[in-house]
Number of protein chains: 4
Amino acid sequence: MTEKQTEAKKIYQQHRDRQRMALLAAAKKLFIEKGIQGTTLGDIAVEAGVTRVTVYQYFTNQSDIAWAILERIFESSKEVRHNALQLDGTGYERIAACLAGFLQSLIHDPGNFCFLAQFDSMYAGKQDVARLLEMTQRIFGGAPALVTEIIRKGIEDGSLRSNLNPALTAATIVNVALATGVRLTIHRKSVEIEYGHTIEQIFGEACQLLLQGIRTP
Amino acid sequence: MTEKQTEAKKIYQQHRDRQRMALLAAAKKLFIEKGIQGTTLGDIAVEAGVTRVTVYQYFTNQSDIAWAILERIFESSKEVRHNALQLDGTGYERIAACLAGFLQSLIHDPGNFCFLAQFDSMYAGKQDVARLLEMTQRIFGGAPALVTEIIRKGIEDGSLRSNLNPALTAATIVNVALATGVRLTIHRKSVEIEYGHTIEQIFGEACQLLLQGIRTP
Amino acid sequence: MTEKQTEAKKIYQQHRDRQRMALLAAAKKLFIEKGIQGTTLGDIAVEAGVTRVTVYQYFTNQSDIAWAILERIFESSKEVRHNALQLDGTGYERIAACLAGFLQSLIHDPGNFCFLAQFDSMYAGKQDVARLLEMTQRIFGGAPALVTEIIRKGIEDGSLRSNLNPALTAATIVNVALATGVRLTIHRKSVEIEYGHTIEQIFGEACQLLLQGIRTP
Amino acid sequence: MTEKQTEAKKIYQQHRDRQRMALLAAAKKLFIEKGIQGTTLGDIAVEAGVTRVTVYQYFTNQSDIAWAILERIFESSKEVRHNALQLDGTGYERIAACLAGFLQSLIHDPGNFCFLAQFDSMYAGKQDVARLLEMTQRIFGGAPALVTEIIRKGIEDGSLRSNLNPALTAATIVNVALATGVRLTIHRKSVEIEYGHTIEQIFGEACQLLLQGIRTP
DNA sequence: GATGAATGAGTTTTCATTCAT
DNA sequence: AATGAATGAAAACTCATTCAT
């Protein structure tokens with residue numbers, strides 16, 4: 001009896017998880033297309049093939065869903081970043097690998113960057129700094145410290161300029177890469193028309209300039 | 001009589017302009033606070049001290065207002081950029097001056113960057129590439145070409161690396177600066193807590209790295 | 001110009017007042033029929049011949065409307081009670097006149113009593129004691145004191161029992177009359193079937209017993 | 001085997017009864033607090049610690065539950081009334097005892113009176129006269145007739161005024177007592193503030209006046 | 001030109017109810 | 001019998017928009 005119930009509960013839980021994933025996927029797609037604020041719970045329900053009310057059994061509002069999506073993006077990006085940063089090689093090479101990983105995600109999953117733009121605009125006015133920091137901490141743990149550490153090692157091994165401030169440089173590289181990725185993804189079309197280069201080229205050039213800027217002359 | 005009418009018209013026109021400006025200012029404030037999609041015409045009307053219906057006499061919808069605000073931001077930034085680019089000096093120095101100008105606007109008018117983030121998210125899904133390009137062309141005219149030209153001159157005068165692709169580098173510098181400015185402004189608080197540096201420091205460092213990356217070793 | 005505007009505003013105000021009255025009348029009818037909680041703003045809108053949204057321009061919710069209706073009932077009852085209490089005659093005669101007035105309203109406007117029952121049930125759980133007291137004070141001012149005063153005079157003039165506690169007796173008479181009026185109105189049908197007397201007869205008998213109870217033997 | 005089954009059925013029935021009682025208790029509490037129409041099946045389920053759907057296994061809707069609660073109140077009041085009416089003594093004394101019993105229930109179980117107010121408001125608009133009469137008949141049987149009978153006896157034994165109409169007086173006393181009890185319970189706070197006497201005092205005074213009104217001078 | 005009134009369309013939200021387990 | 005999932009229906013509420021003044 002108890003076993004049967006446990007079994008039943010497990011099946012229910014699996015179902016719930018699947019539904020949740022489906023809803024998040026539908027929401028992400030629509031958020032990217034129409035913006036977070038421009039997407040209604042009804043839209044998401046239709047996209048996911050359930051009724052509006054069913055969505056309420058999983059999430060309370062758009063912002064809830066947006067944070068859940070952000071969490072998934074953070075988690076997926078964690079691996080990428082981690083792998084790149086834990087390679088062997090000089091500090092310079094490892095930073096280069098990390099930026100190259102960034103470029104790969106830009107190419108293969110531009111949706112994430114579009115979503116980040118939407119999330120930023122939603123997040124902008126609000127005072128959810130704490131929530132974001134908590135999530136960053138929880139998922140990335142000491143990741144920013146990791147980049148800082150690599151830069152420090154790069155200075156030691158002579159591959160990076162000795163007059164760099166490791167923490168400041170780390171903050172700069174991470175934010176420039178993220179910001180540039182987001183902006184180029186959103187403005188892909190107008191940028192490519194206006195400047196005559198693909199955004200991948202431009203992002204690559206940005207990485208080159210950054211690497212030039214930090215490596216030992 | 002005709003004079004009187006002309007006079008009346010002039011006063012009327014001034015009134016209309018003032019109202020329009022007041023509405024744009026109110027809208028910009030609210031767009032930054034609550035997002036473009038999250039701001040209703042009613043909000044704007046209240047903020048500007050008129051009734052909802054009056055707003056209709058000046059604008060058709062939020063997106064109209066947002067584009068008008070963008071136009072004003074473009075125009076104000078045009079001067080800044082122009083001044084910086086038309087200085088005397090080597091190519092390197094002029095690019096440096098341009099980035100310094102950027103940093104100044106980041107410090108003195110962060111609202112503009114917040115608004116850009118909001119605009120981007122609104123603009124993202126839409127197909128208004130043409131409208132944006134047209135506005136860029138109309139206001140900045142050959143400005144990107146201008147940056148390209150300065151880089152080309154910098155290569156000639158020996159202050160910039162000879163293996164730069166002028167157009168690509170121009171695109172990179174402009175987009176990185178803009179993107180980084182936007183991102184840092186939005187995430188000021190969490191970034192400063194997470195990385196322990198002010199966003200002005202980080203933006204300054206980003207400029208340094210870019211300049212290091214393009215100048216002759 | 002200013003005159004014209006004032007004129008226009010006056011007309012608008014008159015229109016608003018008429019609409020408000022119409023909505024209150026519609027609401028009262030429905031509240032009596034279906035209960036306050038059982039009546040939606042939509043029902044009221046339909047009954048009053050406007051759209052749901054228009055109702056929102058006048059009231060925020062049912063409870064708002066209910067209080068407004070109560071206020072009107074208080075005001076209309078104020079006159080009745082006042083007239084009865086300000087007659088000449090002995091204390092006993094004036095109390096009798098007051099109760100007779102009550103009976104008249106029971107006969108001519110049973111809706112008011114039905115509404116009071118509905119209002120009571122809505123009011124019951126809530127903590128709006130202050131609001132009710134404020135309204136009672138504002139409209140009736142010293143009316144309960146008035147009844148008390150009459151009883152006191154009745155004792156003096158010898159028409160009422162000398163061992164009455166004026167304040168307590170006043171409270172009793174007012175509440176018994178109101179309560180009995182409400183209950184009989186609601187349960188008219190079942191009471192008349194069960195007891196074989198009309199509710200007017202029963203209410204009249206109640207008044208008789210009260211009067212018997214207070215008058216000098 | 002059969003015995004075992006019988007035993008099981010008995011346990012099961014006990015469980016069902018307990019559940020039913022728990023649901024009724026939860027519902028009564030909520031009905032009093034938030035009104036019958038303002039209470040959802042979900043509220044009741046939560047209060048009783050079961051799921052919404054479980055409630056369906058016992059009742060069909062709120063109104064069903066409300067009638068069931070009314071039935072229980074009727075049954076509990078039947079005893080009280082019965083005991084009081086079957087005392088020895090003059091008609092006057094027995095009526096007095098009955099009213100005293102009423103006062104006791106007012107003091108010890110004010111919830112019942114609150115519920116009656118809620119029920120009345122729900123019942124008001126509906127045409128369930130028949131249902132109410134049927135229930136009254138079924139539970140109280142000839143109770144009103146009982147009061148009538150006592151009054152008749154009181155007239156005979158000289159303790160009550162000889163010019164009373166027994167049926168009418170019975171109806172009056174029962175309804176006044178019930179109505180006043182309900183009203184005072186609901187408006188306890190505002191009445192006590194407004195009149196400066198406790199509702200028990202006021203109810204007691206009402207009984208006194210009634211008794212004065214019917215007894216032989 | 002500015003405004004109050006009114007509305008239609010659309011969104012959020014709640015609830016009772018059914019179904020499968 | 002009890003429950004979680006899902007839903008249809010309806011209510012609450014918001015907003016952009018039109019019209020008459």
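Below, chains carry the letters A, B, ... as their sequence lines are ordered, and counting in each starts from 1. Keep in mind the model is a prediction, meaning the values are calculated, not measured.
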Using whole Å, report how far CZ of F59(D) lies from C1' of dT17(E). 17 Å
N or O in side chain of H15(C) less than 4.0 angstrom from dT21(F) OP1/OP2: no
Whole-Å distance separating the CD atom of Q37(B) from the P atom of dC15(F): 14 Å
Give the rounded distance in Å between these two atoms: CG of D64(D) and P of dT17(E). 10 Å
How close or far is atom C1' of dA2(E) from atom CZ of R18(B), stated in whole angstroms? 15 Å
In whole Å, I'd like the distance from the CG atom of D17(A) to the P atom of dG4(F). 16 Å
What is the minimum heavy-atom distance between R72(A) and M21(A), and which atoms define it? NH1-SD, 2.9 Å
If you take all heavy atoms of T60(A) and L41(A), which pair is closest and at what distance? O-CD1, 4.2 Å
For E47(A) versus A26(A), what's the shortest heavy-atom pair and its separation? CG-CB, 3.4 Å
Can you tell me the base-pairing partner of dT21(E)? Count Watson-Crick or G-U wobble geometry only, both distances below 3.5 Å, and say none if there is no partner. dA2(F)
For I32(A) and G111(A), work out which heavy atoms get closest and say how close. CD1-O, 3.3 Å
Using whole Å, what does the distance between atom P of nucleotide dT18(F) and atom CG of N61(B) come to? 11 Å
Looking at Q19(A), I'd like to know whether one of its side-chain N or O atoms comes within less than 4.0 Å of OP1 or OP2 on dA6(F). yes
With D43(B) as partner, the option from Q62(B), K29(B), K34(B) fulfilling side-chain hydrogen bond (donor to acceptor under 3.5 Å, both in side chains) is K34(B)
Is the F115(B) ring parallel, tilted or perpendicular to the F31(B) ring (thresholds 30°, 60°)? parallel
Is any side-chain heavy atom of K28(B) closer than 4.5 Å to one of N112(B)? yes
Taking only N and O in the side chain of Y58(A), is any of them less than 4.0 Å away from OP1 or OP2 of dA5(F)? no
For the student: nearest non-hydrogen atoms of G35(A) and Q37(B), plus distance: CA-NE2, 4.2 Å
Please evaluate the base of dA5(F) for a donor-acceptor partner in the side chain of Q57(A) within a cut-off of under 3.5 Å? no
Over how many whole Å does the gap from L23(D) atom CG to dA1(F) atom C1' extend? 13 Å
Between the protein and nucleotides 8-12 of chain E, are there any N/O to N/O pairs under 3.5 Å, and if so, what are the atom names and distances?
residue	atom	partner	partner atom	Å
dT12(E)	OP2	L41(A)	N	3.4

Nearest-Å distance, CD1 (I44(D)) to C1' (dA16(E))? 12 Å
Stretch residues 24-35 of chain B: residues that reach within less than 4.0 Å of DNA chain F through a heavy atom: none
Closest approach of W67(A) and M122(A), non-hydrogen atoms and distance? NE1-CE, 3.8 Å
